[in-house]
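Just so it is clear, the model here is predicted, and its values are computed rather than measured.
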Amino acid sequence: MEHDSPATEPWQLSAVELAAAVRGRTLSSADIVRSCLDRIDAVNPRVNALADLRPEEALEQAHAADRLTASGAELGPLHGIPVSTKINTDQRGYATSHGVAALAGTLAARDAACVTALREAGAVLVGRSNAPSFSYRWFSTNDLHGRTLNPWAADRTPGGSSGGASASLAAGMTPIAQGNDIGGSIRYPAACCGVVGIRPTVGRVSNWTEPVYVDTPGGRQQLVMPPTVLNCAVEGPLARTVADARLALRVMSTPDLRDPVGVPGLPDRPAPDALPRVSVVRGIGTVANHPAVEKALDEAVAKLTDAGYQVEELDGLPLLAEAARLWSLLIYEDFRPTMPTVEMIGDADIRTSLTYSFAAAAGEWGDSPTLAEYIHGWSRRGALVTELQELLGRDRLLLTPVSAEPPFEQDADIASPERAAQLVAAMWPMAAVPILGFPAATVPSALIDGLPMSVQLIGGRFEEETVLDAAQAVEDRTPRLTPTL
């Protein structure tokens with residue numbers, strides 16, 4: 001492993017450092033993009049994190065950025081900086097394939113709002129990051145683009161669904177990646193690969209994308225997004241450092257009223273007068289933590305305490321337990337109408353994974369949850385949001401595991417129904433947060449048995465800066481460790 005090795009190539013620099021170099025004209029965007037493309041050529045064949053690479057197009061964007069720099073025009077925060085986008089997110093001229101072979105030809109006519117925001121900030125879009133079919137696994141493999149490997153250990157998942165994003169960052173292909181999260185799909189991959197992931201408050205980053213229409217026997221109809229997508233799914237960044245994640249989040253924070261839950265403007269959040277308290281929730285009474293998970297939490301507690309945070313242990317938090325349980329009702333019931341499409345065009349792995357996941361959810365809610373249970377679930381969600389906001393306010397954060405287990409072995413979710421149920425139970429920290437819509441970040445706190453181990457920090461609504469400040473305190477006290485490839 002490399003321990004805090006000095007950067008010698010542009011691809012090794014952070015986005016913040018690269019942006020300063022572009023402004024100071026010590027590096028051109030073309031220099032940076034060539035360096036990243038060379039790195040991609042060197043490591044992507046082994047990791048398979050990025051797909052649909054078009055080097056000439058990326059260099060054209062870089063040369064355009066350099067012309068703008070030379071003109072003396074005002075430059076965006078990510079001017080000339082390489083960023084990847086995910087295969088389930090619209091980028092004009094590229095397939096929004098969701099990793100499904102049958103959708104490989106579905107070229108987007110327009111950018112999703114988050115991609116537009118990245119372009120307007122000056123980012124150079126370099127490659128599409130891999131994900132599982134339909135973006136519904138904590139692994140990243142599909143029949144269209146193949147399997148993404150974790151740069152730390154090929155037998156462990158890089159996470160999902162933004163596993164291509166996290167693996168590409170850890171391997172040095174780009175400094176920033178766009179992802180999305182409805183069940184841990186930003187936070188979990190970041191944790192598996194030892195990078196930083198921030199899931200914003202619902203509504204902060206526009207989730208708008210071009211409406212999807214399908215041909216039916218009754219004519220052409222719009223495919224309506226289910227309530228969980230509107231109320232729980234978010235777009236957000238992954239990055240190699242907290243500072244880069246903060247920069248990317250600020251760029252992507254674009255109030256947009258086309259988004260049904262988008263806010264018209266971000267609330268003014270002056271810095272609190274004092275550091276918030278940190279309440280540690282190690283579990284919810286359903287599954288025991290692996291020793292490595294406990295070690296990662298202990299390391300984070302020590303580092304936050306050293307930074308001046310007041311840390312206290314909570315003996316569980318029932319509202320998180322209920323939120324995690326609601327996730328297995330609301331997410332899967334909203335996805336159930338999509339299952340015929342999955343059976344028709346999905347690959348064998350996603351069909352098996354979802355079959356086992358539905359079986360795990362049935363263990364909580366039965367084979368056929370009632371409409372009354374579903375409606376009551378959404379009602380309870382609203383009550384829990386209020387309860388958690390009252391608990392956190394602006395002066396408290398929660399510190400939790402990322403999962404009760406270290407990064408899962410590849411394909412653990414399709415090994416057996418029993419193993420799949422264990423995964424669902426272990427992932428309560430990832431499941432509880434989307435149901436509640438609060439901001440949360442994962443940050444590495446230790447390297448244990450050759451694998452990065454991270455923790456999750458959760459803050460009050462629109463308290464992303466406070467969450468990232470605490471993540472920065474952990475990062476500042478953790479040696480920078482990168483896999484050797």
Side-chain angles (χ1 to χ4, degrees), residues 113-114 135 161-162 179-188 190 197-209 225-237 245 249 252-267 269 279 281 284 317-335 374-394 396-400 402 427-442 456-468 471:
C114 63
S135 296
S161 60
S162 303
N180 31 55
D181 187 315
I182 196 173
S185 287
I186 288 173
R187 296 161 292 144
Y188 184 61
I198 173 73
R199 177 194 157 89
T201 307
V202 169
R204 181 186 183 107
V205 175
S206 177
N207 206 21
W208 180 87
T209 192
M225 290 188 292
T228 48
V229 173
L230 296 177
N231 292 283
C232 302
V234 298
E235 304 291 333
L249 178 62
M252 295 174 73
S253 296
T254 49
D256 182 357
L257 294 183
R258 294 175 301 176
D259 180 355
V261 296
V263 294
L266 297 176
R269 311 298 281 178
S279 297
V281 181
I284 56 173
L317 191 59
L319 73 87
L320 289 183
E322 186 175 358
R325 186 169 182 264
L326 282 175
W327 185 84
S328 67
L329 170 69
L330 301 179
I331 292 288
Y332 286 109
E333 288 311 299
D334 275 355
F335 196 82
Y374 178 81
I375 293 172
H376 180 68
W378 279 108
S379 177
R380 283 300 300 158
R381 173 191 179 269
L384 293 175
V385 168
T386 300
E387 186 178 341
L388 183 57
Q389 182 59 42
E390 289 178 340
L391 172 69
L392 295 178
R394 299 205 66 205
R396 181 182 290 191
L397 298 172
L398 298 181
L399 174 67
T400 78
V402 171
M427 293 292 274
W428 69 263
M430 296 293 95
V433 172
I435 287 298
L436 301 170
F438 284 64
T442 53
Q456 175 173 246
L457 289 153
I458 306 169
R461 298 177 73 196
F462 297 100
E463 293 294 340
E464 284 84 353
E465 294 292 333
T466 304
V467 169
L468 289 170

### Message
Can you confirm whether Leu436 sits close enough to Leu320 that some side-chain heavy atom of one is under 4.5 Å from a side-chain heavy atom of the other?
### Response
yes

### Separation of Ser279 OG from Arg396 CZ (nearest 0.5 Å)
4.0 Å

### Task
First locate atom OH of Tyr188, then atom CG of Asp181, and finally report the distance between them rounded to the nearest 0.5 Å.
13.0 Å

## Note on the structure
For Pro434 and Arg199 the tightest heavy-atom approach is CA-NH2, 3.3 Å

### Message
Under the criterion side chain to side chain contact (heavy atoms under 4.5 Å, CB included), I'd like the reasoning laid out for Val205 against Leu249: C-alpha separation, chi angles, the key distance, then a yes or no.
### Response
CA-CA 8 Å; Val205 175; Leu249 178 62; 4.0 Å; yes

### Task
With side chain to side chain contact (heavy atoms under 4.5 Å, CB included) as the test, would you mind laying out the steps for Val385 and Phe438 before giving the verdict?
CA-CA 8 Å; Val385 168; Phe438 284 64; 3.9 Å; yes

### Query
Would Leu392 and Glu463 satisfy side chain to side chain contact (heavy atoms under 4.5 Å, CB included), going step by step from the backbone distance to the final call?
CA-CA 10 Å; Leu392 295 178; Glu463 293 294 340; over 6 Å; no

### Message
Quick check: do Pro226 and Glu333 have side-chain heavy atoms less than 4.5 Å from each other?
### Response
no

### Task
Check whether any side-chain heavy atom of Leu391 lies under 4.5 Å from a side-chain heavy atom of Leu317, and answer yes or no.
yes

### Query
Are Asp334 and Val229 side-chain neighbours, meaning at least one heavy-atom pair lies under 4.5 Å?
no

#### Entry: Derivation of the side chain to side chain contact (heavy atoms under 4.5 Å, CB included) call for Thr400 and Trp428
CA-CA 10 Å; Thr400 78; Trp428 69 263; 4.2 Å; yes

### Query
At what distance, to the nearest 0.5 angstrom, does CG of Leu266 lie from OG1 of Thr254?
8.5 Å

### Message
Is there a salt bridge (charged side-chain N to carboxylate O under 4.0 Å, His left out) between Arg269 and Glu465? Walk through the geometry before answering.
### Response
CA-CA 9 Å; Arg269 311 298 281 178; Glu465 294 292 333; over 6 Å; no

### Query
For Met430 and Gly183, which heavy atoms make the closest approach, and how far apart are they?
CB-O, 3.5 Å

### Query
Are more than 12 heavy atoms from other residues, nucleotides or ligands located less than 6.0 Å from atom CZ of Arg381?
yes

### Closest heavy-atom pair and its distance - Leu468, Ala441
CD2-CB, 4.5 Å

### Over all atoms of both residues, closest heavy-atom pair of Pro429 and Gln456
O-NE2, 3.1 Å

### CZ-CZ distance between Arg461 and Arg204, expressed to the nearest 0.5 angstrom
12.5 Å

### Message
For Pro264 versus Pro255, what's the shortest heavy-atom pair and its separation?
### Response
O-CB, 3.4 Å

### Message
List the residues meeting side-chain contact (heavy atoms from CB on, under 4.5 Å) with Pro439, not counting sequence neighbours, and say none if there are none.
### Response
Thr201, Glu464

## Note on the structure
All heavy atoms of Gly377 vs all of Leu329, minimum pair found to be CA-CD2, 4.3 Å

### Task
Any chance you could measure Ile435, atom CD1, to Cys232, atom SG, to the nearest 0.5 Å?
4.0 Å

### Message
For the OG1 atom of Thr209 and the CG atom of Asp259, what is their distance to the nearest 0.5 Å?
### Response
10.5 Å

